[in-house]
Each structure stands twice: as C-alpha cells, then as structure tokens.
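The residues of the chain are indexed from 1 along the displayed sequence. Everything numeric in this text was worked out from a predicted model, so none of it was measured.
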Amino acid sequence: MPTQSTPDQIIETPFDTALSERYLAYALSTIMSRSLPDVRDGLKPVHRRLLYAMRLLKLDPETGYKKCARVVGDVIGKYHPHGDQAVYDALVRLAQHFAVRYPLIDGQGNFGNIDGDNAAAMRYTEARMTAIAAALMDGLDEDSVDFRRTYDGEEEEPVVLPGAFPNLLANGASGIAVGMATSIPPHNAGELVDALQLLIKARKGKRGPVSDQDLVRLVPGPDFPTGGVVVESPESILQSYRTGRGSFRTRARWEKEEIGHGTWQIVVSEIPYQVGKARLIEKIAELINDKKLPILADVRDESTEDIRLVLEPKSRNVDPDILMASLFKLTDLETRISLNMNVIDLDGTPRVLSLGQVLEAFLDHQLVVLKRRTAFRLDKIARRLEILEGYLKAYLNLDEVIRIIREEDEPKAELIRTFTLTDIQAEAILNMRLRSLRKLEEMTIRAEHEKLSIEQESLTGLLAEPTLQWAEIGKKLTDIKKRFGSGMEGGARRTGFSDAPVLDSVPMEAMIEREPITVVYSRRGWLRAMKGHMTPDAAISFKEGDEERFRLHAYTTDRILAFTSQGRMHTLFADKLPGGRGHGEPLRILVDLQGDEEIVAMMPYEPDSHLLLASSDGRGFQIEADKALASTRSGRQVMNVGTSVRATHCLPIDGDMVAIIGENRRLLIFPLDEIPVMARGRGVILQRYRDGGLADLRLIEKDQGLSWPMGGSTGRVRTETDLTPWLGKRAGSGRLPPTGFPRSNLFSG
C-alpha cells in the first residue's frame, strides 16, 4: 500500500511501476477527455464545451454573431485549458460545410475552403450556433443531463448534451488516442431517423427484432458533405456496419461532356470526402508533366461555388473509362474512408459498436433524457400547483388574510396555522401584489390550476407507461427529420452508390506511351535505352575499354527482367531507364547489386510465360515469369546458389527440348518437361559432371535440329538434324558434340 508523501519526502518506487502508472493516467485522459466521442451526443469534450460556451454567450441562431476569439477565450479560460489554436481549429471544422454534413456553427468570414486554404485568424471571424446545435442542447436547463465541475472548480459544465439529433452518425467523428482511434463517416440524418423509428417500433412491440440487414436497408451507407459515389459492395458495407470496423471505397462523381466535332472532356462535379481540391489538381498536373499519364492532355479548374474539374484527353480515341480508371488508381479521385466506431459507451467505457448498437445507445440516452425532463417538469408543476392552491385559499378568505397581514406580529405563522398552509404557500401569499387581488386574477389562477393539473396527470401517465415514452421520442425524431432530414434543403442524400468497379487494373499501354526502344547493357554495367529498334550491326559507342554485353528490343510499356549471378531477379521499368544520350547510367543506380554480383541475362517480361534458370553446377528449374517479378531495389531471390556456384542462364521458354553442354565438352539433349516448375530453390540436376561445370544452355525444337555458326566470318550456319546420339534423360552425362561444334563450347560460336 503506497505511503502518503510530504513535499520533502522521497519515496523509492521501481521505475517501470512509476512509468506505467503515469502513462496509464495519460492514456485514459487522452481517450476520455480528448479523442473519442460520446455515443450519446457524438461530441468530443472540446466540441461540447464550444457549444456550451456559445450558448452562455447567447449566440443563438436568431441572434447576431460574435468574434470567434471571444468564444475561444471563454472555452480555454473556463472549460478547456488547451491551446487556443487547437480550440479554434475545432470551432472552424464545425462550421465548414464541406467538412461536416450538418454544421453546428454558423460562421461569418473566411472559414477556409475545399482547396485546403486555412481559415482567417480568430480575431477576424465571427460565429453563432446553428439550429441543429440549438436542438442538441434542447432541455439542458431541465435537469436532463448531469453537470460536473470545471477543471478549476469555479463553474459547471454538462457531461453530455441531451439533444434528440443523432449527431454521432450524422456528422461522424475522427480521432487518435493512445492505443486506439475512431473514424466514423457522416450519414444522412433522415435515414438515421428512419432506422431509429424502426427500432422504436420493435421496443413498442409492434414488430420483431431488428436485424443488421433491416438497418442497412434504411442506412445504406455514408452520406458525405462533398457527395461522391460509394463503390463498395453491399456485402462489404453490411459486414462493416455489423462489426463496427471496415472501410468505404469512394470515388469522385464524373461525366463525359461532348464539346462538338466528335471531341469530349471529362467533368468532375464532386470529389471524395476530405480531399483537398488544390492538392488533387496539383497531383494530376504532376502526372501530366511526368508523362505518367500520356492519355491525359490537360486539367483545368473551372469551379465557382460548385466544383467543376475539367479533364481533357489526349485524343478523341481515348476510352474515358480507361482514363478515369487510371486517375482513380493514381490520384485521390478515389479514396478509402475507414469505419471504426470506437466510442465512449453509456457506461463510460471505450468500445467498438455496430450500427445497431450505436442507434440503440442513442435511444437509451433519449429515454433517460425524456424521463429526467418529465420528472423535472412534474416537480415544477407540483411546486406551482402548491402555490396556486395557496392563492385559492387566500381568495376564499381574502378579508381574513388581509386582517392577519395587517394586525398579526407573525403573519406567516398565523397564516399557516389558520388556513393549514405550507411554508411555500404562506410565503407566496405574503409576496402577492395588491393588483393580484382583483377578481380577474382569481379566474386566471383557477384556469392555470386546471391546465397544470391536466398536464400533471398526462406526464404522470407518461412516466408510468413505456409505450407512451417511445411514442413521445418517436414524435421528436419525426420533428428532427422534418427540420433537418430529407425534408429540408440540402438534407437529401448527396452521396450515391454504384457497383464495385470491374476495371480495377489499368493496362500499362494506357499509362505510358508505347514506343519502341533498344536496351543496351555494357560489360562494365552501364545501361541505356535508345529510341527505336536498332539492328544488330548498328554501331553504338561505349566508354573507352568498355563494350556491349546485351542488346535487346523492347517497348516503353515493358518491364525488363535482369537475372544476376547470385540468383536474384530484378525488375526494371522500360520508361524509367536512362536515355540514349551519352553512355547511360550505371545499373547499380537502379538496382542493388552486391559485391561482384553481375547481370548474366536480360529480357523483356512476358505475362504468363515461363523461364528456364540454370547455374554453373548444372542445376536448374523452370519458374513462372509472374513469380519472378520484383518490387524492390534488392530484387527477388529466385535461385539459391552457394559460394562456389553462380547462376549463369535465364532463358524464355521457346522450345520443347533442352540442349546443354558442359565444360568437359559433353552434349546432352532431353525434353523440357523433365524440368519441374518451382518458385524458388537450387533446382534439379540438368547434366552431371565429373570435372568442370555448365558451359552453355539452349532451348530448341526437336524437329528443327541443333544449329550453330561455322567458324570464321562467313556467316554460315550448320544444322544437325539427327539428334539421336545426344538424346537422353535429364541428369545424364552426355556425349561429345557433333564434328565442327565450336571449340568454345558455346552454341553461339
């Protein structure tokens, strides 16, 4: 048990214990007092304190505005001792029509814009509450919620707001606490009220239990203030709302606009939620300048009050769906809005709730508010009726009452004794004005007494009958929908829905202008891509002492595979290769080569093709080209080689037989299908050696025989059609090659 310390006393405590206790206190403070919203009113403490301070300043929707600096000053001075800029930022967000679906603050002045520009300083802007904010605080003075002392103990603030507007889901929330976060997108208030009415019917016993499917039919998804289109599948949306976790794939709304003479342009009228328009346009312009999207010629911002982004294609033959699919992939014209309904539950515990649980918790809160307001009103009525009954007794004995007041030394005690009054009644009679003694006032008191008695009976019945309570809550929700839901201007759903997109992958040809290139790689590791397909005898200059190693034809839309002596496969994008001016650039700038590792093969990538890999010890295997692609500078390790072994060959599959010759000048030919397809490894034995290792490898067609160049520069080629002497099984030793085979033991001469 900890010992109480004095200011000059030092208590020894293990460091980890002290640290964990303090960090836990900090974490709880962050979670409960800053980052997570309350499920009842959907507000974080700073937002609740802002609205409460504005209410005390009488900044109602019908009154004038006051400087935001005044509001922020009251908030940080009385309720929220944090930085003024953080509080002002929270105020600004509640006023931005593009940030919240139903603004709670009506701002006057520069409150920022969808381009991402910041609001003006708080000394310039003014604000007041909106009708929705006023509705959230309806009944605050009627003991509908608890109050607590402020941080300095001088004033009080509400723990939660009582309003019947479903603010948590209508406006959403986001925040990052310690070890947890919340992300709730905005929804349509009219749809939320419909779902709440369905739950009320179930609570009144007029229908069976409400399922998640029933709720999602009424609340099909988020409704963002900036519109857009949700392209998530219904199954995914249902799963997200059922678990309280998920995401919504959201795209910009666009249309193809004909501009005459067969030409057209794309017009984007709505962008995804929380995407800055200026940054979006900047990103699209970067794609155009960097030639990453050659089918797009220009982007223009023609927005006024409404968003209008114009995208001009390179030519009229461009497919608009391909163009937009590429933009969706490369820019924030498509985003994912996360859903993580982590909120402070009714019992004050952070918890991830489903859609149904959030709505049920809101109804539970409304029931508590209704009961407390009813009890408060009944107490007020009882007090008033008590006074009115005292007045009526006074009128029935008016002369005696006047006599007692004029003649008795203790009129209050005498009134209580004579007419059996309560202390409150006697005090009220003594405080009556003379003008209240007229006959008309007596009639007014009797009418008020009768009216309050009827109301008292009605409210007593309301407290005793749950069905009446739910009917009353349903009536208030209907009024909320009429005022702020689909019935009001701007209350209709803004965000549409569409099927999950079919065209997810954009063809490379649509992203890069397809042009022929010749890729040249030198002995010393210099790489360049030269325009056009150059003939094998075309002269190419190299640095002094350097010479050509590989020359291959490709297109700017291709990916180039580079196989190294350590068995790693690197992937190069042809459009990213160094240009043909000069001698290019060292390959090591583009990929990560280790030590004396060198490139032993280079070729364009062909989808769905197979490659044959081999190493110096005569082992090898087939690999799918798709599985050999690498996404990092370090490449992908596809072949395991030891310290004394090196990878030597990587060939595209273009034959049905494998011709292999060793350094011992033994030739073996066997069927390709004897070599297994693997994803990685050493492979199997292709040819067995006593001395030396693999010299060369080639794929051939059996019916076309084996060819090789004759000696000298004659350009003649010899072909051996009868391959019977060299045919065998994989892992054989082979026989001496045909007469005239190159002494270099290479099929290329």
Side-chain angles (χ1 to χ4, degrees), residues 5 7 18-59 65-96 99-100 103-105 107 109 111-112 118-129 133 136-137 140-141 145-163 167-168 171 173-182 342-344 348-350:
S5 62
L19 184 62
S20 62
E21 288 177 354
R22 286 156 177 77
Y23 190 76
L24 179 61
Y26 163 71
L28 291 175
S29 173
T30 303
I31 293 168
M32 304 298 293
S33 302
R34 289 170 61 183
S35 300
L36 299 189
D38 194 295
V39 72
R40 295 169 289 183
D41 60 6
L43 297 173
K44 299 178 185 178
V46 63
H47 301 138
R48 191 177 302 114
R49 289 162 177 166
L50 274 166
L51 297 180
Y52 184 62
M54 295 179 75
R55 184 174 188 267
L56 295 184
L57 289 171
K58 302 188 183 304
L59 296 178
Y65 298 85
K66 284 189 179 179
K67 290 290 186 182
C68 292
R70 171 70 187 279
V71 177
V72 172
D74 275 14
V75 170
I76 64 176
K78 295 180 179 179
Y79 313 109
H80 200 72
H82 293 268
D84 59 344
Q85 191 59 46
V87 175
Y88 181 55
D89 289 343
L91 185 153
V92 166
R93 185 182 183 278
L94 293 182
Q96 292 175 330
V100 288
L104 302 180
I105 292 177
F111 275 78
N118 294 326
M122 68 181 81
R123 62 181 179 273
Y124 300 119
T125 56
E126 298 177 339
R128 67 182 179 185
M129 292 189 297
L136 271 175
M137 290 184 282
L140 195 59
D141 293 330
V145 294
D146 292 330
F147 278 69
R148 63 187 170 201
R149 305 300 296 178
T150 55
Y151 73 94
D152 57 3
E154 293 185 0
E155 300 193 34
E156 288 189 333
E157 62 175 337
V159 175
V160 67
L161 299 186
N167 183 65
L168 176 63
N171 275 326
S174 62
I176 300 176
V178 177
M180 59 180 63
T182 185
N342 190 9
V343 296
I344 306 298
T349 305

- Verdict with reasoning, Thr125 to Leu91, per side-chain contact (heavy atoms from CB on, under 4.5 Å): CA-CA 11 Å; Thr125 56; Leu91 185 153; 6.0 Å; no
- Minimum heavy-atom distance Arg149-Glu157, with the two atoms named: O-OE2, 4.3 Å
- Query: Which pair of heavy atoms, one from Arg93 and one from Ala99, lies closest together, and at what distance?
  - Reply: NH2-O, 3.6 Å
- Message: Between Lys44 (side chain only) and Ser174 (backbone N and O only), is there a donor and an acceptor less than 3.5 Å apart?
- Response: yes
- Message: Could you go through Val145 and Leu140, starting from their C-alpha distance and side-chain angles, then the distance that decides it, and tell me whether this counts as side-chain contact (heavy atoms from CB on, under 4.5 Å)?
- Response: CA-CA 7 Å; Val145 294; Leu140 195 59; 3.6 Å; yes
- Query: For Tyr124, does the OH atom sit with more than 12 other heavy atoms under 6.0 Å from it, leaving out its own atoms?
  - Reply: no
- Item | salt bridge (charged side-chain N to carboxylate O under 4.0 Å, His left out) against Asp152, all qualifying residues, sequence neighbours excluded | none
- Item | Carboxylate-amine/guanidinium proximity below 4.0 Å for Arg148 and Glu156 | no
- Message: Nearest 0.5 Å, please: how far is CZ in Arg40 from CG in Leu161?
- Response: 10.0 Å
- Task: Can you measure from CG (Asp41) to NE2 (His47) and round to the nearest 0.5 angstrom?
- Result: 11.0 Å
- Query: Going from CG on Asp89 to CE on Met122, what distance comes out if it is rounded to the nearest 0.5 angstrom?
  - Reply: 8.0 Å
- What are the two closest non-hydrogen atoms of Pro37 and Ala173, and how far apart are they? CG-CB, 3.7 Å
- Query: Does a side-chain heavy-atom distance below 4.5 Å link Ile105 with Leu51?
  - Reply: yes
- Query: Does the pair Glu155 and Thr150 meet the rule for a side-chain contact (heavy atoms from CB on, under 4.5 Å), with working shown?
  - Reply: CA-CA 6 Å; Glu155 300 193 34; Thr150 55; 4.0 Å; yes
- Query: How far apart are the C-alpha atoms of His82 and Val46, what are their side-chain angles, what is the distance that settles it, and do they pass the side-chain contact (heavy atoms from CB on, under 4.5 Å) test?
  - Reply: CA-CA 9 Å; His82 293 268; Val46 63; over 6 Å; no
- At what distance, to the nearest 0.5 angstrom, does CG of Asn167 lie from CG of Asp38? 11.0 Å
- Query: Do Pro350 and Asn342 have side chains that get closer than 4.5 Å, going by heavy atoms?
  - Reply: yes
- Could you pull out the closest heavy-atom pair between Pro81 and Tyr151, with the gap in Å? CD-CD2, 3.7 Å
- Query: Are the side chain of Arg48 and the backbone N or O of Leu43 linked by a donor-acceptor pair below 3.5 Å?
  - Reply: yes
- Message: To the closest 0.5 Å, what do you measure between CZ (Arg55) and CE (Met129)?
- Response: 7.0 Å
- Output the distance between atom CE (Met54) and atom CZ (Arg128), rounded to the nearest 0.5 Å. 9.5 Å
- Message: For the CG atom on Leu56, are there more than 12 heavy atoms of other groups (residues, nucleotides or ligands in this structure) within a distance under 6.0 Å?
- Response: yes
- Which class fits the ring pair Phe111 and Tyr88: parallel under 30°, tilted 30 to 60°, perpendicular over 60°? tilted
- Closest contact, heavy atoms only, Arg49 versus Val75: O-CG2, 3.8 Å
